[in-house]
Amino acid sequence: MEVLYSSLELIARVDVILALLFGALGGVVIGAIPGVGPAIAIAILLPATFAMEPIVGLTLLLGIYGSAMFGGAIPAILCNTPGTAVNALTTYDGYPMTRRGEASRALALAYGASFLGGVISVLALILLSPVLAKVAPMFGSREIFLACVLGAVLVVITHRGQHMIAGFLLCLGIFLSTIGMEPILYTKRFTFGQSWLASGVDLIVVVLGLFALSQAFVLLVKGDLKVAEPKLQGGLFSGLKEVLKMPKVFIPSSAFGVFMGIIPGVGEFLAQFFSYNFAQKISKHPEKFGRGSAEGLVASETANNAVPAAALIPLLALGIPGEALTAMMLTVFYVHNVIPGPQLFTHQFDFVLALYICLLLLNVLALLFLMFSSKWLLKVVLIPNRFLGMMILVLSFVGVYSLRNSFSDCVMAVVFGLFGFILKRLDLPIVPIILGMVLGGIMEIKLRTSLPRIDTLIDFVDRPVAAVLFALIISSLVLHLLSMRGNKNATAVNEMREADAAK
């Protein structure tokens, strides 16, 4: 109880409450604007959070991260255009419901499902926190190194059909993390005599370039889209009650979201995939999925909103980000010299609990805001793409220049923006680069810290947690290779059947 009181004292401040409000309400609005999304908003706001205390800055960023998925359902359901990338699956059943005159019901279901997914995941993690506090100290340097390797492996294998390019981009990110002064002996690496490279490639510059500037270029090139203003009739208060009547859908979907959120490199997409397929298998009307199924909509929205709270586990307990957004949040810790890891759970457990309580409150605020403002939020769908692109462009350059007052940072951001623009046009992943930069720095430090105490390779995995992580790495690779082989054999059989049928 003493820890709970201490956590509530951290939250009961004017600046934290304002961060809660701005994060929750701003995240909903940002999520409702197609083409923007939480990654761009967080990238732009990140330099401003460096001047705030960690609890304030993280509350603001978490608010945008979690509540953007609430808002992203609005254009996905009404216009068949997902507000954020993770709302893409919402269009499968949300838009067909709109076309048959059930737009209000679809939005109500999405809001109720997102709220339950977020609340269940936060409550589950609060209950699990004492266990995590005991497990976290068992992670030493070699265990964190192996956890980073596992995260890197999962990042690559979860990009189905793009393994090679995902691996290449991950390695590119790891290489970028080595440029500049190395962290142990402070010698220069890969600077090629250029003084402006001595301080390395700043993660925030890369984030703003790859996410914000590249999206600005996409919006400017795409031009303005003519979208009819969607109509919304009826109430939005019945959704939560209807979702509660589907425990076989929202409870497993929340579990998928929590589990997938904890695993580094997995995130919302795989959580949605599993929950949607599971809901379809247990449904009495699986044929309705993809044609306006309420169960499909609930499964999708519950899973994606259960991930943000769970994604904080590897970040806080081990200092390992699970995806790009938590990688950005990691920089807020480093700026204030608060190092995530086992010591955070043992020495600052009230801080961890305060973040979870903030997430719980954010879900409540986002739901209440949406219940009363959806009709006005529909206007943001009509904002011209080119106007959005110019706004993102200006704000991104302001954010980059404010970091170190460096013109070279702006040039570097433009280079990465153009690179990100090319990757987006080719439909290639961007996230592996960011995770490579973050994981690369952690892996190098932890490996070099571990080496003096290791004589043979066996010494690296002679502790229980290290052995488990090593086994997970090997089993993940083996299962993935077997899956690839099975898919190849299935493709070959299908081709032979098609050839026989043609004859």
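These numbers come from a predicted model, not from an experiment. Scope of the values below: all heavy atoms of this structure, side chains included, with no hydrogens, waters or symmetry mates. The chain is numbered in sequence order, starting from 1.
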J.: Show your working on side chain to side chain contact (heavy atoms under 4.5 Å, CB included) between F416 and L213 and close with a plain yes or no.
T.: CA-CA 8 Å; F416 281 106; L213 287 179; over 6 Å; no
J.: Using modelled atom types and a 3.5 Å cut-off, is there a donor and acceptor pairing between side-chain atoms of S396 and backbone atoms of G209?
T.: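 Looks like no, no N/O pair under 3.5 Å.
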J.: So, using side-chain hydrogen bond (donor to acceptor under 3.5 Å, both in side chains) as the criterion, who are the partners of R463 when residues are at least two apart?
T.: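 By the side-chain hydrogen bond (donor to acceptor under 3.5 Å, both in side chains) rule, R463 matches E143.
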J.: Please name all residues satisfying side chain to side chain contact (heavy atoms under 4.5 Å, CB included) with T302, sequence neighbours left out, ordered by chain then number.
T.: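 Testing T302 for side chain to side chain contact (heavy atoms under 4.5 Å, CB included), a comparison that skips the adjacent residues, returns A113, F250, S253, S254, V298.
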J.: Once side-chain hydrogen bond (donor to acceptor under 3.5 Å, both in side chains) is applied, do any residues pair with S214, and if so which ones, sequence neighbours excluded?
T.: K424
J.: Given the rule in the side chain to side chain contact (heavy atoms under 4.5 Å, CB included) test, do I445 and F145 qualify, once you have shown the distances and angles that lead to the verdict?
T.: CA-CA 9 Å; I445 293 172; F145 170 77; over 6 Å; no
J.: Please identify each residue that fulfils side-chain hydrogen bond (donor to acceptor under 3.5 Å, both in side chains) with K446, with sequence neighbours left out.
T.: none
J.: Can you find a heavy atom in the side chain of L116 that is under 4.5 Å from one in the side chain of L244?
T.: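 They are in contact (side-chain heavy atoms under 4.5 Å apart), so the answer is yes.
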J.: Residues two or more places apart in sequence or in another chain: which of them pass salt bridge (charged side-chain N to carboxylate O under 4.0 Å, His left out) with R189?
T.: E444
J.: Please examine the side chains of I74 and Y111, heavy atoms only from C-beta on, and report whether any two atoms are closer than 4.5 Å.
T.: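 Result yes, sub-4.5 Å side-chain heavy-atom pair found.
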J.: Which residues pass the salt bridge (charged side-chain N to carboxylate O under 4.0 Å, His left out) test with E9, sequence neighbours left out?
T.: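 If we apply the salt bridge (charged side-chain N to carboxylate O under 4.0 Å, His left out) test to E9, skipping adjacent residues, there are no hits.
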J.: Using 0.5 Å steps for rounding, measure from the OG atom of S114 to the CG atom of L370.
T.: 8.5 Å
J.: Give a yes or no on this: more than 12 heavy atoms of other residues, nucleotides or ligands lie within 6.0 Å of atom CZ of F470.
T.: no
J.: Within this structure, what is the CG-CG distance for the pair D350 and L353, rounded to the nearest 0.5 Å?
T.: 8.0 Å
J.: Roughly how far, to the nearest 0.5 Å, is the CG atom of L359 from the CG atom of L123?
T.: 11.0 Å
J.: Would a 4.5 Å heavy-atom cut-off, applied to side chains only, mark R142 and L447 as touching?
T.: no
J.: According to side chain to side chain contact (heavy atoms under 4.5 Å, CB included), who are the partners of I473, at least two apart in sequence or on a separate chain?
T.: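 Partners of I473 by the side chain to side chain contact (heavy atoms under 4.5 Å, CB included) criterion, ordered by chain and then number, come out as L146, V149, L150, V153, L477.
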J.: Nearest 0.5 angstrom please: T59 OG1 to E53 CD, how far?
T.: 10.5 Å
J.: Between V29 and F369, is the side chain to side chain contact (heavy atoms under 4.5 Å, CB included) condition met? List the steps.
T.: CA-CA 10 Å; V29 174; F369 178 59; 4.3 Å; yes
J.: For the pair T191 (side chain) and K188 (backbone), establish whether a donor and an acceptor sit closer than 3.5 Å, ignoring hydrogens and angles.
T.: no
J.: Within a strict 4.5 Å, meaning less than it, do heavy atoms of the L170 and I433 side chains meet?
T.: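 Of all side-chain heavy-atom pairs linking I433 with L170, none is under 4.5 Å.
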J.: If we only count heavy atoms from C-beta on, is the E301 to T90 side-chain gap below 4.5 Å?
T.: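 Side chain of E301 against side chain of T90, heavy atoms only: contact under 4.5 Å found.
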J.: Could I get the full list of ring-ring contact (aromatic ring centres under 6.0 Å, His included) partners for F190, not counting sequence neighbours?
T.: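 Partners of F190 by the ring-ring contact (aromatic ring centres under 6.0 Å, His included) criterion, ordered by chain and then number, come out as F175.
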J.: Do any N or O atoms from the side chain of T49 and from the backbone of G57 form a donor-acceptor pair under 3.5 angstrom?
T.: no
J.: Kindly indicate, with the supporting measurements, whether the criterion side chain to side chain contact (heavy atoms under 4.5 Å, CB included) is fulfilled by V249 and Y276.
T.: CA-CA 9 Å; V249 177; Y276 192 85; over 6 Å; no
J.: Give me each pair satisfying salt bridge (Lys or Arg N to Asp or Glu O under 4.0 Å) with a member in residues 303-319, each pair once, sequence neighbours excluded.
T.: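 Output for this query is empty, none listed.
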J.: Can you name the closest pair of heavy atoms from S67 and A366 and give their distance?
T.: CB-CB, 3.9 Å
J.: Please examine the side chains of Y65 and V307, heavy atoms only from C-beta on, and report whether any two atoms are closer than 4.5 Å.
T.: yes
J.: Measure the shortest side-chain to side-chain distance between M443 and R448 over non-hydrogen atoms and say whether it is less than 4.5 angstrom.
T.: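 No. Closest side-chain heavy atoms not under 4.5 Å.
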J.: Looking at M391, I'd like to know if its CE atom is crowded, meaning that more than 12 non-hydrogen atoms belonging to other residues, nucleotides or ligands lie closer than 6.0 Å.
T.: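 Count not over threshold, so no.
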J.: Any chance you could measure F351, atom CZ, to L10, atom CG, to the nearest 0.5 Å?
T.: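 The CZ atom of F351 sits 8.0 Å away from the CG atom of L10.
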J.: Test of understanding: with side chain to side chain contact (heavy atoms under 4.5 Å, CB included), list the residues that count as partners of F278, not counting sequence neighbours.
T.: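 In terms of side chain to side chain contact (heavy atoms under 4.5 Å, CB included), with neighbours along the sequence ignored, F278 is linked to P252, F256, I282.
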J.: Holding to side chain to side chain contact (heavy atoms under 4.5 Å, CB included), I want the full list of residues that pass it with V364, two or more places apart in sequence or in another chain.
T.: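 Only F115, L368 meet the side chain to side chain contact (heavy atoms under 4.5 Å, CB included) criterion with V364.
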J.: Test of understanding: with side-chain hydrogen bond (donor to acceptor under 3.5 Å, both in side chains), list the residues that count as partners of S476, not counting sequence neighbours.
T.: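 S476 satisfies side-chain hydrogen bond (donor to acceptor under 3.5 Å, both in side chains) with no other residue.
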J.: Kindly indicate whether the side chain of L60, heavy atoms from C-beta on, has any atom under 4.5 Å from the side chain of M52.
T.: yes
